[in-house]
Amino acid sequence: MDSATLSARLLAWYARRRRDLPWRRDVNPYRVWISEVMLQQTRVEAVRPFYERWLARFPDVAALAVAEEEEVLRYWAGLGYYRRARMLHAAARRVVAAGGELPRSRAGWRELPGVGEYTSAAIASIAFGEAVPVVDGNVKRLAARFLALELAADDRALHRKAEEWAGQLVVAAPAPGDLNQALMELGATVCTPRAADCEHCPLVGACASTGGDPLARPLPTRRPRWREVRLEHRLARRDGRVLLVQCRESGWTPGLWEPPRLAVGEDRSGLIPLGTVRHVISRHRIEATAFLDPGWDGSGGVDPERVPLSGLGRKLLGLLDRA
DNA sequence: TACACGTGGAG
DNA sequence: TCTCCAAGTGT
């Protein structure tokens, strides 16, 4: 089956089955940009509320550029991969400093911090109709199954094959942005990692995995080993304020806030064990024990509503509320 | 280049 | 409970 036919099938399926998502209403380059960055390695359902709040507070690139980083991070807190927010903010400031016009081409977008190979192609195709393929996890999975490629998800060879395959489809499509979104939508809803609903797939028959075992591809990747980490934190509260410190630039969640860690060997006399929380960051499994410091003099106190809390910080403060 | 970077949902 | 992994990017 030729690319034009496949593209037409995908577009027809997409027109019928596309989900109603906030960033698919009132499409403009800024909104597409925000949605694409939020969606990096993040599920649609997780993004939805963050996107709505963000757009209400930062409706355009100018509003984002003039905001303080602390507030930007507060609107991102809970979404994860916080570097995305800081790069988004830096990019907005750069755009505004250069006159306020957002780029109109893939190459222009690619120069902005936080906008890589995938995101530049997504924005250029969706917001400007540029016929460039997107290669995300969905497209790679679809390509592996459609072309019956015995390659692992993290294999660069699969990335190249997927780009080539999607490239043929997107140049054959009258609406490149919709074609790209159709591929990703298909991967997210019909041809998922753990299920393949071939009955409802517009590519059934043309796909090399039809009647076979689509779930066998792409091949499994090797996982990095978990690292167990034990931490101890000092918690204190006084007059509605709590003891918080800002995470270092070199840490897991730079710029975010959490209760300070107890150094190894630090004096624990006078501290009361509050409990333990578990938290996962990247490949680290953290077990954090909280100690209440009833003698805190209030110095360094922060209103927890006013700063972006790390996930671990949020869990630790939860122990404080129950104490 | 391999690795670091978050979080939460699904099975 | 546990593993996998989601519309990636930067170093």
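Per chain, numbering begins at 1; letters A, B, ... match sequence-line order. The structure displayed is predicted, hence computed values, not measured ones.
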Protein-nucleotide distance (A:Arg225, atom CZ; C:dT3, atom P), rounded to Å: 13 Å
Salt bridge (charged side-chain N to carboxylate O under 4.0 Å, His left out) partners of A:Arg268, counting only residues at least two apart: A:Glu232
Whether over 12 other heavy atoms sit under 6.0 Å from A:Glu68 CD: no
Working for salt bridge (charged side-chain N to carboxylate O under 4.0 Å, His left out), residues A:Glu164 and A:Lys161: CA-CA 5 Å; A:Glu164 194 181 327; A:Lys161 295 279 188 187; 5.2 Å; no
Strand-adjacent residues in residues 42-58 of chain A, judged by heavy atoms under 4.0 Å from DNA chain B: A:Thr42, A:Arg43
Proximity to the side chain of A:His284 - top-ranked nucleotide from B:dC5, B:dA4, B:dT7: B:dC5
A:Arg230 atom CZ, neighbour heavy-atom count above 12 within 6.0 Å: no
is_close_aromatic(A:Phe58, A:Trp54), centroid dist under 6.0 Å: yes
Rounded interatomic separation in angstrom, taking CZ from A:Arg278 and P from C:dT3: 11 Å
Spacing between A:Trp109 atom CH2 and C:dT9 atom P, to the nearest angstrom: 13 Å
Qualifying residues under salt bridge (charged side-chain N to carboxylate O under 4.0 Å, His left out), relative to A:Glu305, sequence neighbours excluded: none
A:Arg106 side-chain N/O to A:Glu117 backbone N/O, donor-acceptor pair under 3.5 Å: yes
Sugar-phosphate only, base, or nothing, as touched by A:Thr253 at under 4.0 Å among non-hydrogen atoms: sugar-phosphate
Rounded distance in Å - CD (A:Gln40) to P (B:dG8): 18 Å
Phosphate-side-chain proximity, A:Gln41 and C:dG8, N/O vs OP1/OP2 below 4.0 Å: yes
For atom CD1 of A:Ile281 and atom P of B:dG8, their distance in whole Å: 11 Å
A:Arg223 vs C:dC2: side-chain N/O to OP1/OP2 distance below 4.0 Å: no
Nearest-nucleotide pick for A:Arg314, side chain only, options being B:dA4, C:dT9, B:dG8: B:dG8
Electrostatic pair A:Arg234-A:Asp293, nearest N-O below 4.0 angstrom: yes
A:Arg53 to A:Phe50 six-membered ring, cation-pi geometry met (6.0 Å, 45°): yes
Base C:dT9 to side chain A:Arg83, donor-acceptor N/O within 3.5 Å cut-off: yes
Nucleotide C:dG8, atom P - distance to CD1 of A:Ile34 in whole Å: 16 Å
CA sep, side-chain torsions, deciding dist, call: A:Asp154, A:Arg222, salt bridge (charged side-chain N to carboxylate O under 4.0 Å, His left out): CA-CA 9 Å; A:Asp154 62 351; A:Arg222 206 169 299 160; over 6 Å; no
Near-strand residues of residues 128-137 of chain A, defined as heavy-atom separation under 4.0 angstrom from DNA chain C: A:Asp136, A:Gly137
Ring-face cation contact, A:Trp23 with A:Arg31, 6.0 Å cut, 45° max: no
A:Arg17 and A:Glu185: CA distance, side-chain angles, deciding distance, salt bridge (charged side-chain N to carboxylate O under 4.0 Å, His left out) verdict: CA-CA 9 Å; A:Arg17 300 293 176 193; A:Glu185 190 86 343; over 6 Å; no
Whole-Å distance separating the CG atom of A:Leu88 from the P atom of C:dT9: 13 Å
Ion pair A:Glu45/A:Arg48, N-O distance below 4.0 Å: yes
Distance in angstrom units between A:Trp226 CH2 and C:dC2 P, rounded: 11 Å
For DNA chain B, the residues among residues 154-189 of chain A that have a non-hydrogen atom under 4.0 Å from it: none
Sugar-phosphate only, base, or nothing, as touched by A:Ser35 at under 4.0 Å among non-hydrogen atoms: nothing
Strand-adjacent residues in residues 18-29 of chain A, judged by heavy atoms under 4.0 Å from DNA chain C: A:Arg19, A:Leu21, A:Trp23, A:Arg24
Sugar-phosphate, base or nothing in reach of A:Met87, heavy atoms under 4.0 Å: sugar-phosphate
Common cluster, A:Val229/A:Phe291, ILVMFWY with side-chain heavy-atom separation under 4.5 Å: no
Residue whose nearest DNA chain C nucleotide is more 5′ - A:Glu36 or A:Arg285: A:Arg285
Touch class at under 4.0 angstrom, heavy-atom based, for A:Pro224 against every strand present: nothing
Under-4.0 Å side-chain N/O to phosphate OP1/OP2 contact, A:Tyr81 with C:dA6: no
Side-chain N or O of A:Arg283 closer than 4.0 Å to phosphate OP1/OP2 of B:dC3: no
Nearest-nucleotide comparison on DNA chain B, the residue closer to the 5′ end among A:Arg194 and A:Tyr82: A:Tyr82
Side chain to side chain, A:Arg18 and A:Arg24, heavy atoms closer than 4.5 Å: yes
